[in-house]
Asks: 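Okay, handing you the structure first.
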Amino acid sequence: MNNIEVNGKNFEILIENDSINKRTRLIGIQLNVDYENRCPIFIGVLNGSFLFMADLIKEVDIACEVGFIRVASYQGTETTGTVKETFGLPDNLHDRDVILVEDIVDTGHTLHYILEKVKAQKPASIAVCSLLFKPAALQKPIEELKYVGFEIPNEFVVGYGLDYDGLGRNLSDIYRAV
Ligand code: 5GP
């Protein structure tokens, strides 16, 4: 299906599942090389990353651990605007090779917040693997962003884990708003 409706909003196809699978396989191969003889811990940022994590981890054949965290955001009264909190971040990341798995990096604020929390535990290394990246929306550079599935325009997308008002996460392709 090239055009769909989610909760009354129209979307058109952007990335087909077949392309996602091919790209994910290549990232997996790269991770197997880069982390050979190490035992990284993959940490997925919920909810959006659950499908990408599941498909990615099947392409990784080195020893590894897998976990998930959740980030809550709400508007605070500070001038900085958004206040966030992480739930479920493991507390034993010291000297570990950490790979954060994201669905999408947009402004980069979420990732900056999580990276601070991870760095405080002094891991051996940190890398970020994001399925999607909107370079035009990024507000601060993220040097840890080493693995990117697809760079996309600064448009709202849905599907393959990403939602619109809670819906559409189960779509196997990725769609953009029209
Ligand atoms: P950031 O903090 O980088 O601005 O945003 C990260 C989070 O915002 C993502 O993990 C995702 O949950 C949400 N997000 C950003 N852009 C989009 C988008 O185009 N579609 C959807 N569904 N969520 C998005």
Side-chain angles (χ1 to χ4, degrees), residues 1-17 19-20 23-24 27 41-57 66-90 98-120 126-178:
M1 264 198 301
N2 285 337
N3 292 285
I4 57 159
E5 203 183 295
V6 180
N7 210 15
K9 192 170 173 63
N10 293 315
F11 291 86
E12 67 179 16
I13 190 88
L14 181 65
I15 309 170
E16 290 186 1
N17 188 263
S19 306
I20 298 172
R23 190 73 193 96
T24 303
I27 295 174
I41 176 162
F42 288 85
I43 301 176
V45 183
L46 291 172
N47 289 332
S49 71
F50 75 104
L51 281 182
F52 179 47
M53 175 69 107
D55 286 341
L56 179 68
I57 214 70
V66 182
F68 288 93
I69 57 167
R70 208 183 159 113
V71 182
S73 58
Y74 45 93
Q75 293 303 310
T77 51
E78 306 281 309
T79 45
T80 48
T82 314
V83 181
K84 295 194 170 93
E85 203 177 332
T86 45
F87 296 93
L89 186 69
V98 176
I99 304 171
L100 289 171
V101 178
E102 267 277 22
D103 51 352
I104 187 164
V105 178
D106 186 27
T107 63
H109 286 142
T110 308
L111 210 45
H112 266 282
Y113 180 83
I114 297 170
L115 282 166
E116 291 281 296
K117 295 274 175 193
V118 174
K119 280 178 191 168
I126 314 180
V128 175
C129 176
S130 185
L131 175 65
L132 304 173
F133 174 39
K134 294 181 186 171
L138 192 68
Q139 295 187 358
K140 273 194 244 169
I142 298 175
E143 63 182 43
E144 294 85 356
L145 187 55
K146 293 191 189 127
Y147 307 92
V148 171
F150 302 90
E151 290 194 0
I152 62 167
N154 194 3
E155 294 169 329
F156 187 80
V157 292
V158 71
Y160 194 74
L162 292 125
D163 75 307
Y164 171 58
D165 279 351
L167 299 173
R169 294 193 197 273
N170 54 323
L171 296 163
S172 55
D173 305 311
I174 294 172
Y175 297 81
R176 70 165 164 218
V178 287

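Order of appearance sets the numbers: ligands from 1, and atoms from 1 within every ligand. All heavy atoms count here, side chains included; hydrogens, waters and symmetry mates do not.
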Asks: So, using salt bridge (Lys or Arg N to Asp or Glu O under 4.0 Å) as the criterion, who are the partners of Asp173 when residues are at least two apart?
Replies: none
Asks: Find out whether Tyr113 and His109 are in side-chain contact, i.e. whether some heavy atom of one side chain is under 4.5 Å from a heavy atom of the other.
Replies: no
Asks: Of all residues at least two apart in sequence or in a different chain, which pass the side chain to side chain donor-acceptor pair (under 3.5 Å) check with Asn10?
Replies: none
Asks: Is there a side-chain contact between Phe11 and Glu5, using heavy atoms and a 4.5 Å cut-off?
Replies: no
Asks: Can you list, by chain and residue number, every protein residue with a non-hydrogen atom closer than 4.0 Å to ligand 1?
Replies: Glu102, Asp103, Ile104, Val105, Asp106, Thr107, Gly108, His109, Thr110, Lys134, Glu155, Phe156, Val157, Leu162, Asp163
Asks: For Tyr147, enumerate each residue passing the side chain to side chain donor-acceptor pair (under 3.5 Å) test, keeping only those at least two apart in sequence or located in another chain.
Replies: Asp34
Asks: Check whether any side-chain heavy atom of Ile152 sits under 4.5 Å from a side-chain heavy atom of Phe133, and report yes or no.
Replies: no
